[in-house]
Amino acid sequence: MAIEDKIAAAKEINVLLNNIVRLGGFRVKYRIAVDPPVNPGAEWDCPAILVDFSGPDSSLLVSRGGELLNALEMITIESVGDLLDEHDRISFDAGGFRQARTDELVMSANVAAEKVRKTSAPYAFAPMNSRERRVVHLA
């Protein structure tokens with residue numbers, strides 16, 4: 001996708017989030033990055049647009065397994081998703097929550113794989129969303 005299209009989507013995200021934050025009374029700030037730098041070893045998990053929250057209420061976003069963060073991300077994707085190619089991703093984070101969860105999933109996948117190799121018994125993970133399942137599969 002062209003950078004101009006990503007920038008247009010980022011502007012739409014900014015308008016949407018500005019309204020949600022203001023009307024919701026959240027004490028958070030956010031930074032929107034288009035084509036953010038890739039974390040070493042995680043080239044497969046690089047979003048087209050990254051929204052990073054900070055501030056006193058950012059802990060609300062990541063409580064209960066990041067339910068509110070996921071909900072905001074889903075609302076945003078539904079709202080501006082048609083501006084992006086189908087493989088371009090929008091990702092929300094607050095306080096490094098996503099990276100910590102990704103690291104945890106990769107470690108869990110490696111431990112589970114080793115356990116299956118040793119015992120030949122199937123291993124079942126707890127329920128997870130599609131993004132988390134993707135991380136486990138790729139790990």
Side-chain angles (χ1 to χ4, degrees):
M1 161 175 274
I3 189 74
E4 295 83 16
D5 295 334
K6 292 178 188 177
I7 291 171
K11 287 179 182 178
E12 290 291 322
I13 291 169
N14 184 50
V15 170
L16 176 66
L17 289 179
N18 188 29
N19 286 327
I20 291 172
V21 167
R22 182 176 46 81
L23 295 172
F26 292 106
R27 296 174 302 148
V28 294
K29 294 181 180 183
Y30 57 87
R31 184 178 63 83
I32 301 173
V34 174
D35 288 335
V38 178
N39 290 330
E43 292 79 12
W44 48 269
D45 193 34
C46 187
I49 299 174
L50 174 66
V51 180
D52 193 21
F53 290 91
S54 62
D57 286 345
S58 62
S59 61
L60 293 173
L61 299 175
V62 298
S63 65
R64 299 184 65 185
E67 281 185 0
L68 185 54
L69 189 68
N70 290 335
L72 287 173
E73 183 178 89
M74 184 57 71
I75 289 169
T76 303
I77 290 168
E78 290 295 322
S79 177
V80 302
D82 58 333
L83 298 175
L84 300 171
D85 287 341
E86 87 178 81
H87 296 294
D88 287 332
R89 288 191 320 107
I90 299 171
S91 183
F92 281 27
D93 199 1
F97 173 79
R98 286 266 193 243
Q99 186 60 49
R101 179 66 177 147
T102 298
D103 293 346
E104 178 184 343
L105 289 168
V106 168
M107 186 174 66
S108 295
N110 291 333
V111 167
E114 188 59 36
K115 190 176 211 177
V116 169
R117 278 188 206 106
K118 286 182 180 177
T119 65
S120 297
Y123 186 90
F125 284 94
M128 55 184 80
N129 64 37
S130 61
R131 179 172 289 171
E132 291 178 338
R133 283 193 306 274
R134 182 176 186 270
V135 169
V136 169
H137 285 287
L138 291 172

Taking only distance into account, with no hydrogens and no angle test, what donor-acceptor pairs under 3.5 Å do side-chain atoms of residues 109-116 form with protein atoms, sequence neighbours excluded?
unit_1, atom_1, unit_2, atom_2, d
Asn110, ND2, Val106, O, 3.3
Glu114, OE1, Arg117, NH1, 3.1

Under 3.5 Å, sequence neighbours excluded: what are the donor-acceptor pairs made by side chains of residues 9-21?
unit_1, atom_1, unit_2, atom_2, d
Asn14, OD1, Tyr30, OH, 2.8
Asn19, OD1, Arg22, NH2, 2.8
Asn19, ND2, Val15, O, 3.4

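Under the 4.5 Å side-chain heavy-atom criterion for grouping Ile, Leu, Val, Met, Phe, Trp and Tyr, Ile75 is connected to Leu61 within one hydrophobic cluster. Following chains of ILVMFWY side-chain contacts shorter than 4.5 Å, one cannot reach Phe26 starting from Met74, and the two form parts of different hydrophobic clusters.
Listed by chain and residue number, Leu105, Phe125, Glu132, Arg133, Val136 satisfy the side-chain contact (heavy atoms from CB on, under 4.5 Å) test with Met128 (two or more places apart in sequence, or in another chain). By the side-chain contact (heavy atoms from CB on, under 4.5 Å) test, Ile77 is found to be paired with Glu73, Ile90, residues two or more places apart in sequence or in another chain being considered. Listed by chain and number, the residues in a side-chain hydrogen bond (donor to acceptor under 3.5 Å, both in side chains) with Arg27 are Asp57 (sequence neighbours excluded). Evaluation of the side-chain hydrogen bond (donor to acceptor under 3.5 Å, both in side chains) rule for Glu104 yields Arg101 as partners, not counting sequence neighbours. Residues satisfying the side-chain hydrogen bond (donor to acceptor under 3.5 Å, both in side chains) test with Asp35, not counting sequence neighbours, are Lys6.
Proximity of Phe53 to Leu69: side-chain heavy atoms (C-beta onward) are separated by under 4.5 Å at one or more points. Residues Thr76 and Ser79 form no side-chain contact, since every pair of their non-hydrogen atoms from C-beta on lies 4.5 Å or further apart.
Atom CG of Leu68 is separated from atom OG of Ser58 by 11.0 Å, given to the nearest 0.5 angstrom. With rounding to the nearest 0.5 angstrom, the CG atom of Leu50 is 9.5 Å from the CZ atom of Arg89.
Within the structure, every pair that satisfies the side chain to side chain donor-acceptor pair (under 3.5 Å) test and touches residues 60-72, not counting sequence neighbours, is listed here: Asn70-Arg98.
Scanning both residues, Pro36 and Ala33, for their nearest heavy atoms gives CD-O, 3.9 Å.
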